[in-house]
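It should be emphasised that the depicted structure is a prediction, and the values quoted were computed from it without experimental measurement. Scope of the values below: all heavy atoms of this structure, side chains included, with no hydrogens, waters or symmetry mates.
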Amino acid sequence: MRKGKAGDVLLRIILAVLLVIMIMPLVMLCTNSLMGKQELLESFGSVLSDYAGMAEFRLFPRYPTMRAYVRLLLDTPEYFAAFWNSAILAGGVVAGQIFTAVPAAWALARFDFPGKAALKFLYMLLLILPFQVTMVSGYLVLDTLKLLDTYWAVILPGIFSALPLFILSKSFSAIPKEVIEAAKIDGAGDFGIFVKIGVPLGMPGISSVVILGFLEYWNAVEQPLTFLKTETLKPLSLYLPVMIKGEVQTAFAASIVTLLPAVLLFFCGQDSLEKGIGASGSF
């Protein structure tokens with residue numbers, strides 16, 4: 001009993017230490033965004049500039065100010081342009097994934113047809129391939145279609161990602177056959193069953209696809225960096241590093257504001273995300 005309690009205490013201590021390590025960058029980000037320019041240089045001048053001495057971490061700023069947020073929200077139109085670009089890219093990918101992956105996953109989960117096993121294997125293969133492997137072929141296809149340096153260069157490949165199909169297929173497979181058979185006895189057609197039974201019962205999986213897709217493309221770096229060249233089309237993930245080279249104080253505030261949509265979406269759909277991921281244990 002004592003050994004078991006001691007093990008629990010040790011585990012709690014380890015988890016607490018890991019939690020502090022994980023949230024420390026976020027705490028530093030919030031603290032630095034409330035610092036004035038001079039205080040920020042005094043604390044991190046040796047890292048951010050040519051100041052001598054060691055970097056100093058402060059849990060709370062000595063003279064907190066909202067000047068960085070005021071400048072960001074009132075005097076930085078470039079940030080809002082990048083914010084809008086990120087919203088278009090992430091929103092377009094998520095909408096396209098729902099439009100294509102939901103019916104495709106329903107077909108894979110509920111219908112038998114020739115080549116179904118091979119198609120599942122192909123999607124599993126695409127799931128494990130990183131972007132770097134398909135980058136050149138994707139670039140050539142987009143160049144042929146004259147879509148490079150447009151929003152569609154990022155949105156179109158993201159729409160046909162294999163991960164949404166992987167999650168939704170298992171969610172739809174979990175629907176009891178008895179429910180489908182009862183609906184057919186009542187005279188419902190395949191489309192009616194899909195709309196009135198499949199979509200409502202598969203909503204946890206759909207919600208998880210929306211959240212994961214938004215988080216992935218809201219923070220995407222490689223795809224926009226590869227396919228977008230015009231500065232006015234680049235999203236926040238490429239704009240924030242440029243801000244750091246200019247005004248560091250405003251860059252910290254911009255990072256906080258950039259986090260808000262993803263954090264709010266995650267907390268609003270956390271339960272659905274857990275259920276959707278839990279239902280996708282196998283394919």
Side-chain angles (χ1 to χ4, degrees), residues 89-145 147 152-217 220 223 227 269 272-283:
L89 295 178
V93 169
V94 169
Q97 287 180 348
I98 296 302
F99 183 76
T100 58
V102 172
W106 177 259
L108 278 178
R110 309 308 309 188
F111 295 103
D112 292 323
F113 51 86
K116 179 178 178 179
L119 188 59
K120 279 189 174 183
F121 175 79
L122 176 61
Y123 267 99
M124 288 294 295
L125 183 62
L126 292 174
L127 187 63
I128 64 176
L129 290 179
F131 171 74
Q132 292 82 355
V133 175
T134 60
M135 177 177 65
V136 175
S137 58
Y139 187 95
L140 295 176
V141 170
L142 292 171
D143 185 42
T144 302
L145 297 175
L147 294 177
W152 288 108
V154 178
I155 294 175
L156 203 59
I159 288 176
F160 300 101
S161 172
L163 181 60
L165 191 68
F166 175 82
I167 296 175
L168 291 171
S169 178
K170 185 57 182 177
S171 297
F172 289 143
S173 297
I175 299 176
K177 294 182 179 179
E178 293 78 7
V179 176
I180 307 297
E181 293 173 356
K184 290 182 178 179
I185 293 174
D186 290 339
D190 290 333
F191 183 75
I193 293 173
F194 167 66
V195 173
K196 296 181 180 179
I197 296 177
V199 173
L201 294 181
M203 192 55 65
I206 296 174
S207 299
S208 64
V209 166
V210 170
I211 295 171
L212 292 176
F214 182 85
L215 293 177
E216 179 182 2
Y217 280 89
Q223 295 90 335
F227 301 138
S272 298
L273 178 62
E274 293 176 354
K275 292 177 182 178
I277 296 298
S280 61
S282 60
F283 187 50

Heavy atoms from other residues, nucleotides or ligands near CZ of F113 exceed 12 (cutoff 6.0 Å): yes
Spatial distance of atom OH (Y123) from atom CG (L163) [nearest 0.5 Å]: 12.0 Å
Side chain R110, main chain I175, donor-acceptor under 3.5 Å: yes
Rounded distance (nearest 0.5 Å) linking atom CH2 of W106 with atom CD1 of I193: 7.0 Å
Main-chain N/O of F111 paired to K116 side chain as donor or acceptor, under 3.5 Å: yes
Nearest non-hydrogen partners of G213 and V94, listed with the distance: C-CG2, 3.8 Å
F99 atom CZ, over 12 foreign heavy atoms within 6.0 Å: no
Rounded distance [0.5 Å steps], CD1 in I180 versus CD1 in I197: 5.0 Å
Non-hydrogen side-chain atoms of D190 and K184 separated by less than 4.5 Å: yes
Side chain to side chain, L126 and F166, heavy atoms closer than 4.5 Å: no
S208 side-chain N/O to G205 backbone N/O, donor-acceptor pair under 3.5 Å: yes
Note, V93 side chain near L89 side chain (heavy atom, < 4.5 Å): no
4.5 Å side-chain heavy-atom contact, Y217 and I155: no
Heavy-atom check, side chain of S171 versus side chain of I206, under 4.5 Å: no
A109 versus S169, closest heavy-atom pair with distance: CB-O, 3.4 Å
Check: V102 and F194 side chains under 4.5 Å, non-hydrogen atoms: yes
Distance in Å, I98 CD1 paired with L168 CG, rounded so as to fall on 0.5 Å steps: 6.5 Å
Between CE on residue M135 and CG on residue L140, distance to nearest 0.5 Å: 10.5 Å
Where V133 and L129 come nearest, the two heavy atoms and their spacing: CG1-CD2, 4.2 Å
